[in-house]
2 protein chains.
Amino acid sequence: MAEKHGVSRMTARRALEALEAQGLVYSEDRRGRFVSPQRVKYDVSNMVSFVANAQANGTELEIEVISAGIAQTDATLARQLAVKQGEPIFEYTRLFRSGGHAIFIETEYVLAARFPKFLDCDLRQSTTRILESHYNTSPCSGDIVIRMRGVHEDEARYLGLAASQSGIELEQVICDDAGVPFCFGRQLWRGELAEFTARAIVNSQDSE
Amino acid sequence: MAEKHGVSRMTARRALEALEAQGLVYSEDRRGRFVSPQRVKYDVSNMVSFVANAQANGTELEIEVISAGIAQTDATLARQLAVKQGEPIFEYTRLFRSGGHAIFIETEYVLAARFPKFLDCDLRQSTTRILESHYNTSPCSGDIVIRMRGVHEDEARYLGLAASQSGIELEQVICDDAGVPFCFGRQLWRGELAEFTARAIVNSQDSE
DNA sequence: GGCGCTTTCTGGTATATACCAAATTAATTT
DNA sequence: AAATTAATTTGGTATATACCAGAAAGCGCC
C-alpha cells in the first residue's frame with residue numbers, strides 16, 4: 001500500500017492507525033487489517049436480558065466464561081451493592097462475541113449469601129434469566145454509568161485491541177422490586193461496536 | 001523527555017500519543033501537553049436542563065454560539081422530529097466549555113413553525129429554559145443514543161483534538177407531554193471528559 | 001490426502017533525520 | 001515602558017531503516 005501510493009511504510013501505517021483510532025478498521029496482529037463490523041445496539045433502559053434482547057434484534061451472541069470464583073467486596077463494590085465491606089460475592093468474567101468478533105468483556109458480581117450455588121449454573125446465558133428462574137429475583141431498576149476510557153492490558157488481549165486504545169465502559173447496578181441492589185456489572189465495549197440507547201421520562205415529582 | 005530516558009524522540013512521542021488516546025493527557029498544538037481535567041457528569045435520565053443540572057453539580061459552563069440559522073429538515077431530521085422532509089427548522093451549534101476546557105460541541109434543531117423567533121433568544125443558556133419560559137413547552141420524554149466515533153475535522157478544531165481521535169456522540173430527541181418531538185440535538189463530547197449516567201426502570205407492561 | 005519444514009507476508013517496535021509551523025520567550029529597539 | 005524583532009521551545013509530519021515475531025502459504029515428503 002505504501003509503495004502503491006508512493007509514501008513510506010511508516011506513513012501508511014500511521015494513516016491506518018488513524019482509521020483504527022476512529023473505529024473504521026481494526027487490525028489482527030500479523031494477520032491483516034479489516035473493516036469493522038456493524039455496531040451492536042444495547043437499550044440500557046430495557047432491564048430485561050441484554051442477551052435475549054440482542055437475539056430478538058437479530059444479533060446472535062456467543063458467551064465465553066473467562067473466569068468465575070468467589071471474592072469479597074472491596075470498598076467500591078460494597079458501596080455499589082449497599083453491603084458492608086468484606087461481604088462474600090461471586091465474581092465472574094465473560095467475553096461476549098458476535099459473529100466471531102469480540103464485542104465486550106464483562107465482570108459481574110452477585111451477592112453470594114443471597115444466591116447460593118450461583119456459580120453452579122451455566123454462565124453462558126443471561127444472568128437475568130438465571131436469577132429469575134433459579135432465585136425468583138427479577139431486575140426492577142438499575143443505575144448505569146457510561147464513559148470512555150483506555151483499555152487495560154488484559155482487556156485489550158481479550159478484545160483484540162492494542163493496549164493504547166480506548167473503549168466504552170458501562171457499569172450497572174441492578175436492583176430488585178424492593179430497590180435493593182443485588183448485582184453489579186462492569187462491561188468494557190469495543191468503542192466502535194457499541195451503540196447505547198436510552199429513554200428518559202421526566203418524573204412528575206422526584207421527592208427528596 | 002526523549003534524551004532523559006535515552007529513547008528517540010519519535011518513541012517518546014508515540015508513548016505520549018498513547019496516553020493521549022487513553023484520555024489521560026491532551027495536547028495543545030505547539031503549546032505543550034497537559035494532564036486531562038476531571039470528567040463532566042451528565043445524567044441523561046434527567047430531562048431538566050443539563051446546564052442548570054451541571055451548575056447545581058458545581059460545574060460552571062461557558063456556552064459559545066458557533067453558528068445559528070434556519071434550514072430545512074433532511075430525511076434523517078424529518079424522521080427524528082416526525083415531520084415531513086423540507087420542514088423549516090432552526091439549526092444552531094454551540095460549544096460548551098468548563099474551566100476553559102472544551103467539553104462538547106452541540107448542534108440542535110427546533111421546529112421553526114412551532115417556535116417562531118427562537119433565534120432571537122440568547123442561546124448562551126439552556127434551550128430547555130428558553131422553551132419553557134417563552135413557549136410554554138417542557139420536555140417530558142426523550143430518546144437518547146450514545147456511541148463512540150471519530151471526530152470530523154471541524155469538530156476536532158473546536159474541541160482541540162487531533163483529527164484522528166474519537167469522541168462520544170450523544171443524540172437526543174426531546175418530546176413534549178403529548179409525546180410529540182420538538183427538538184433534536186447531537187452532541188460530540190471529548191471522550192475522556194464525558195461520564196453519562198442513567199436510571200432504568202422496568203415498565204410493568206410495555207404494550208406494542 | 002496428511003504432515004512437517006521453509007519461505008513469504010504482515011504487522012509491531014524502535015531509531016535516526018529532516019523540515020515545517022506556531023507559540024513562547026528573550027533580546028533589542030523605539 | 002511599549003513595541004518590534006529574533007531566538008528558542010514545542011508539537012506535527014514525513015521518510016528511511018533495521019529487526020522481530022507470528023500467521024499464512026507453498027512445498028516436498030511419507
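Proteins come first, then strands; the chains are lettered A, B, ... in the order of their sequence lines, and each starts at number 1.
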Task: Distance test, side-chain N/O of S27(A) to OP1/OP2 of dT10(C), below 4.0 Å - done: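 False: S27(A) side-chain N/O out of range (4.0 Å or more) of dT10(C) OP1/OP2.
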Task: Interatomic distance where OH belongs to Y26(B) and P belongs to dG12(D) [whole Å] - done: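 Spelled out: OH on Y26(B) to P on dG12(D) is 13 Å.
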- [ ] Let me know the distance between CG of L19(A) and P of dG11(C), rounded to the nearest Å.
- [x]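 Rounded to the whole Å, the gap is 13 Å.
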Open item on the list: Tell me every residue that passes side chain to side chain donor-acceptor pair (under 3.5 Å) with E171(A), counting only those two or more places apart in sequence or in another chain.
Closed with: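 Listed in chain order: R186(A).
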When you check the gap from the basic side-chain N to the acidic O, do [X] and [Y] get nearer than 4.0 Å?
X: E195(B); Y: R149(A); value: no
X: R33(A); Y: E20(A); value: yes
X: R79(A); Y: D74(A); value: no

Mind listing the N/O atom pairs, protein and nucleotides 13-19 of chain C, below 3.5 Å?
residue, atom, partner, partner atom, Å
dT15(C), OP2, T11(B), OG1, 2.7

- [ ] Would you please classify the geometry between the Y42(A) ring and the W189(A) ring as parallel, tilted or perpendicular, with 30° and 60° separating the classes?
- [x]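 W189(A) vs Y42(A) ring planes: parallel.
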Open item on the list: Can you list everything that forms a ring pair (Phe, Tyr, Trp, His ring centres under 6.0 Å) with F90(B)? Sequence neighbours excluded, please.
Closed with: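 With neighbours one apart ignored, the set is empty.
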- [ ] Go along nucleotides 21-27 of chain D 5' to 3' and tag each nucleotide: B for a protein heavy atom under 4.0 Å from its base, S when only backbone or sugar atoms are that close, - otherwise.
- [x] BBSS---
TODO: Classify the side-chain pair Y92(B)/E108(B) by whether it contains a donor and acceptor separated by less than 3.5 Å.
DONE: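 Result is yes, a qualifying pair exists.
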TODO: May I have all residue pairs that pass side-chain hydrogen bond (donor to acceptor under 3.5 Å, both in side chains) and include part of residues 47-57 of chain A, sequence neighbours excluded?
DONE: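 Residue pairs passing side-chain hydrogen bond (donor to acceptor under 3.5 Å, both in side chains), neighbours aside: S49(A)-S126(A).
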Task: Terminal axes of the helix from dG1(C)-dC30(D) to dT30(C)-dA1(D) (five pairs each): angle between them, nearest 10 degrees - done: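 Taking the rotation axis at each end, their angle is 0°.
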